[in-house]
Amino acid sequence: MKIWVDADACPVVVKEILFKAAVRTGVQLTLVANQPLGKPSASNINTLQVPRGFDVADDEIVKRVEAGDLVITSDIPLAAEVIDKGAHALSPRGEMLDTENIRARLNMRDFLDTMRASGVDTGGGPAAFSQRDKQSFANQLDRFLTKYI
């Protein structure tokens with residue numbers, strides 16, 4: 001089992017939690033981004049820089065992910081693709097996405113995109129990342145790693 005991170009938009013605090021978990025468990029952790037990233041010097045923590053472009057990092061993750069892997073992403077279409085390949089998806093806010101809830105999330109995302117395209121104000125972007133989000137992510141990651149390692 002490997003952990004893949006859609007790292008371009010991943011909060012720094014989430015990356016720090018992932019670094020600690022990777023060092024503690026020895027699980028292979030790869031951050032995929034279109035810009036250079038810093039990382040600890042642990043041999044099981046890697047970065048993969050991809051060219052700039054729409055969904056380039058997402059496409060690279062989908063290409064490399066295997067059944068049983070965990071992908072950290074807030075990108076709902078990416079989560080749907082990796083779930084279809086048998087992998088797991090966890091949002092940086094601690095929501096585990098799976099076959100039971102991903103279709104509803106995709107439908108809501110598409111609905112809101114349609115509303116915005118027609119000029120309806122849907123309330124702006126997501127709320128600021130909070131301490132509660134950090135704790136939720138850390139707890140969900142710990143539960144996942146305990147179950148699958």
task = Would you sort out whether Phe129 and Val14 count as a side chain to side chain contact (heavy atoms under 4.5 Å, CB included), showing the intermediate values?
result = CA-CA 10 Å; Phe129 195 79; Val14 168; 3.6 Å; yes
Just how far is it from atom [atom1] of [X] to atom [atom2] of [Y], taken to the nearest 0.5 Å?
| X | Y | atom1 | atom2 | result |
| --- | --- | --- | --- | --- |
| Thr30 | Lys2 | OG1 | NZ | 7.0 Å |
| Ser91 | Asp75 | OG | CG | 12.0 Å |
| Asp6 | Asp58 | CG | CG | 5.0 Å |
| Ile72 | Leu90 | CD1 | CG | 4.5 Å |
| Leu97 | Leu78 | CG | CG | 10.0 Å |
| Gln28 | Met1 | CD | CE | 11.0 Å |

With clusters defined by side-chain heavy atoms of hydrophobic residues (ILVMFWY) lying less than 4.5 Å apart, directly or transitively, does [Y] cluster with [X]?
| X | Y | answer |
| --- | --- | --- |
| Met96 | Met108 | no |
| Leu70 | Ile149 | yes |
| Val65 | Leu106 | no |
| Ile76 | Val5 | no |
| Ile3 | Leu37 | yes |

ask   = Is the side chain of Asn139 donor-acceptor paired with the backbone N or O of Ser136 at a distance under 3.5 Å, no angle test?
value =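 Flag not set: sc Asn139 to bb Ser136 has no pair under 3.5 Å.
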ask   = Taking Asp69 for the side chain and Trp4 for the main chain, is one N or O donor matched with an acceptor at less than 3.5 Å?
value =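 Flag not set: sc Asp69 to bb Trp4 has no pair under 3.5 Å.
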Which atom names give the shortest non-hydrogen contact between [X] and [Y], and what distance separates them?
| X | Y | answer |
| --- | --- | --- |
| Ala7 | Ala33 | CB-CB, 4.1 Å |
| Asn34 | Pro51 | CB-O, 3.8 Å |
| Ala138 | Ile17 | CB-CD1, 4.1 Å |
| Arg52 | Gln35 | NH2-CB, 4.3 Å |

Side-chain contact test, heavy atoms from C-beta onward, threshold under 4.5 Å: evaluate it for [X] versus [Y] and give yes or no.
| X | Y | result |
| --- | --- | --- |
| Val23 | Ile45 | yes |
| Leu29 | Lys39 | no |
| Phe19 | Leu31 | yes |

query = Asp133 and Ser130: side-chain donor and acceptor closer than 3.5 Å?
reply =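 A donor-acceptor contact under 3.5 Å links the two side chains.
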ask   = In this structure, are over 12 heavy atoms from other groups packed under 6.0 Å from Lys85 atom NZ?
value =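 More than 12 within 6.0 Å, yes.
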inquiry  = Check this for me: does any side-chain nitrogen of one of Asp84 and Arg103 sit under 4.0 Å from a carboxylate oxygen of the other?
reply    =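 Answer for the salt bridge query: yes.
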ask   = In terms of the angle between their ring planes, are His88 and Tyr148 parallel, tilted or perpendicular, with boundaries placed at 30° and 60°?
value =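 Taking Tyr148 first and then His88, their aromatic rings sit tilted (interplane angle of 30° to 60°).
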